[in-house]
Amino acid sequence: MREHSSDKHTDTGTVEASPASPEAVTGDAEPSAGSAGDAPAPPAASWGALFAKPHRTAVIVMAGGVALYAMNLYFTASLLPSVVAELGGRQFYAWASTAYLIAAVTATMFTGRVLGARGSGGSYVIAYLVFAAGTALAACSPAMQLLVAGRAVQGLGAGLLTGLGFATIRAVLPSELWTRATGLVSAMFGVGTLFGPALGGLFAQFGAWRAAFAALAGVAILLVFVTARALPRERPEQPARTPIPFPSIVALAVTAALLSLSSTLSGAWIPLTIAGALALLLLFFALDARNPNGVLPRLAYVRGNPLKWVYLTVAGLCAGITAENFIPLFGQQLAGASPIVAGILGAAPSVGWTTAQVLSVSAGERMARARVRTGPVVVVAGFAAYGLLQRADAGWADLAIWAVLLFLAGAGVGMAYPHLSVAAMRASDDPAEGAKAAAAVSTTQLVAFTLTSAIAGNLLAFGGDSPLASAQWLILGVTALTALGIPAALLAMRGRREAGRERV
């Protein structure tokens with residue numbers, strides 16, 4: 001792709017997209033349809049247009065970054081038993097994931113500012129190099145403490161990658177491709193869940209966890225070279241110098257850390273730690289609402305703007321999908337399934353998510369609103385039925401029913417998610433605010449994953465020594481969190497419809 005300035009500096013530290021068209025992105029004029037020897041152009045909003053030559057490599061970079069983040073999360077989960085067996089440090093087992101997620105949440109908050117300072121191409125190069133550095137550190141770690149540090153560095157790069165995956169769409173693609181591009185980038189979370197555990201397990205089978213991290217670092221370096229050809233590398237003439245909301249970031253990071261810590265405590269310390277985490281979460285919103293350069297766009301705190309409900313719907317959907325981390329465990333404990341079968345069962349929500357998302361992105365405006373309203377209901381119904389049908393002496397028939405219900409729950413996420421991302425992009429007519437709103441979708445997603453994972457540890461403990469009770473506590477508890485997305489989706493779409501009428 002030819003270099004062309006499609007990123008403009010704004011005083012908010014986010015990226016303002018120039019009027020998006022194939023010509024604006026590539027710098028080349030479209031040949032006329034009647035030119036001799038030219039193949040017919042694909043429809044403007046088709047999958048063919050998204051993967052056409054002007055956009056193909058940029059789409060690979062954006063989707064590849066999110067896939068790398070998602071796959072690494074589950075990839076490492078399969079490797080950790082082998083890591084601990086060699087290095088020791090079992091007490092740091094949970095922190096290998098916690099450090100990664102907290103760092104990723106923090107990094108997504110800098111997405112808009114990095115884009116404003118470095119442009120699309122420069123931002124992706126930084127993100128991939130940071131991810132590769134953390135992965136290399138993990139591969140060379142002589143002790144578990146250093147591996148946790150490497151995972152934190154990995155998380156910083158991964159957080160930037162997932163934030164850039166959504167925010168860059170507006171800058172480098174024409175508006176008619178936003179929904180399909182968002183659907184593709186979001187589907188990478190499902191792809192990561194499908195292939196991450198299998199690939200990690202394959203390396204772990206041969207005790208080659210260091211080679212696994214080295215291979216992942218190699219992929220990141222390869223994507224650096226792809227980025228150099230795919231995205232604009234020009235720096236803005238005047239880099240953004242907006243204040244960074246450190247108080248908000250610290251409050252949110254400590255909230256996640258406390259919730260993670262609470263699952264390892266006992267007695268009165270559990271409710272005290274959770275209460276402290278909730279107080280810090282409220283403090284985060286109070287600080288962020290008063291900060292003109294906060295983590296979330298100002299529009300999220302404006303009365304009457306639907307953006308806050310869009311984010312709450314995203315959080316509800318992602319809270320539900322977090323349960324898939326524990327599904328293989330329940331499959332083995334309650335149905336006696338082999339690790340491979342239990343892993344396939346755990347992938348069912350992601351298969352549903354990916355399948356429904358691919359089918360949903362072509363929906364028109366009215367149908368998109370209907371799918372956003374329906375999606376959380378489907379997720380809650382699928383997970384609630386799955387939780388209620390848990391039994392200690394489950395057999396193959398139960399596994400089949402569970403798989404169908406989990407696929408259904410994942411499909412609920414997929415049918416709504418791409419339209420929520422586009423709703424966030426269109427929450428403002430100001431391109432800078434639209435870019436920040438898009439980046440905050442991934443921030444919301446990561447925050448929901450992190451906080452729900454921490455809460456899930458406590459729900460699991462409520463079941464005591466009973467695998468059945470633990471499974472029901474966790475699944476139904478997470479389902480209750482997901483139910484918050486049902487009224488939020490109704491308010492998000494009502495607000496979007498009213499905003500559309502006002503523009504008319």
Which pair of heavy atoms, one from L345 and one from G331, lies closest together, and at what distance? CD2-CA, 4.3 Å
Under 4.5 Å between any side-chain heavy atoms of F285 and Y301, yes or no? yes
Do W396 and L399 come close enough that some side-chain heavy atom pair is under 4.5 Å? yes
Counting N and O atoms only, with roles assigned by atom type, does the side chain of R210 sit under 3.5 Å from a partner on the main chain of S141, one being a donor and the other an acceptor? yes
Could you check if a side-chain atom of W402 sits within less than 4.5 angstrom of a side-chain atom of I327, using non-hydrogen atoms only? no
Show the nearest heavy-atom pair for residues G485 and P376, with the distance to one decimal. O-CG, 3.7 Å
Please find the pair of heavy atoms, one from F203 and one from A212, that lie closest to each other, and give the distance. CG-CB, 3.5 Å
A side-chain contact here means heavy atoms from C-beta on lying under 4.5 Å apart; do L408 and V378 qualify? yes
In I475, V478, T452, the residue satisfying side-chain contact (heavy atoms from CB on, under 4.5 Å) with L459 is V478
Is there a side-chain contact between F284 and V250, using heavy atoms and a 4.5 Å cut-off? no
Does A488 offer a backbone N or O that forms a donor-acceptor pair with the side chain of K308 under 3.5 Å? no
Has W209 got more than 12 heavy atoms of other residues, nucleotides or ligands less than 6.0 Å from its CH2? yes
What pairs with D398 under salt bridge (Lys or Arg N to Asp or Glu O under 4.0 Å), at least two apart in sequence or on another chain? R391
Ignoring hydrogens, what is the shortest heavy-atom contact between A423 and V310? Give both atom names and the distance. CB-CG2, 4.2 Å
Any chance you could measure T313, atom OG1, to M493, atom CE, to the nearest 0.5 Å? 7.0 Å
In the structure I gave you, are the side-chain heavy atoms of L420 and L317 within less than 4.5 Å of one another anywhere? yes
Nearest heavy-atom pair of S470 and G463: which atoms, and what distance? OG-CA, 3.4 Å
Quick one: does L216's side chain get under 4.5 Å of M71's, heavy atoms only? yes
Please check: side-chain N/O of H419 versus main-chain N/O of S360, any donor-acceptor pairing under 3.5 Å? yes
Nearest 0.5 Å, please: how far is CZ in F131 from CG in L223? 10.0 Å
Checking S123 side chain against V114 main chain: does a donor-acceptor pair fall under 3.5 Å? yes
Between atom CG of L161 and atom CD of Q154, what is the distance when rounded to the nearest 0.5 Å? 11.0 Å
Quick one: salt bridge (Lys or Arg N to Asp or Glu O under 4.0 Å) partners of R290, sequence neighbours excluded? none
Going from CG on L476 to CZ on F383, what distance comes out if it is rounded to the nearest 0.5 angstrom? 11.5 Å
Atom of A411, atom of A356 and distance for their closest heavy-atom approach: O-CB, 3.3 Å
If you measure from CG on L87 to CD on Q145, what distance do you get to the nearest 0.5 Å? 9.0 Å
At what distance, to the nearest 0.5 angstrom, does CG of L388 lie from OG1 of T479? 8.5 Å
Is any side-chain heavy atom of W353 less than 4.5 Å from a side-chain heavy atom of V379? no
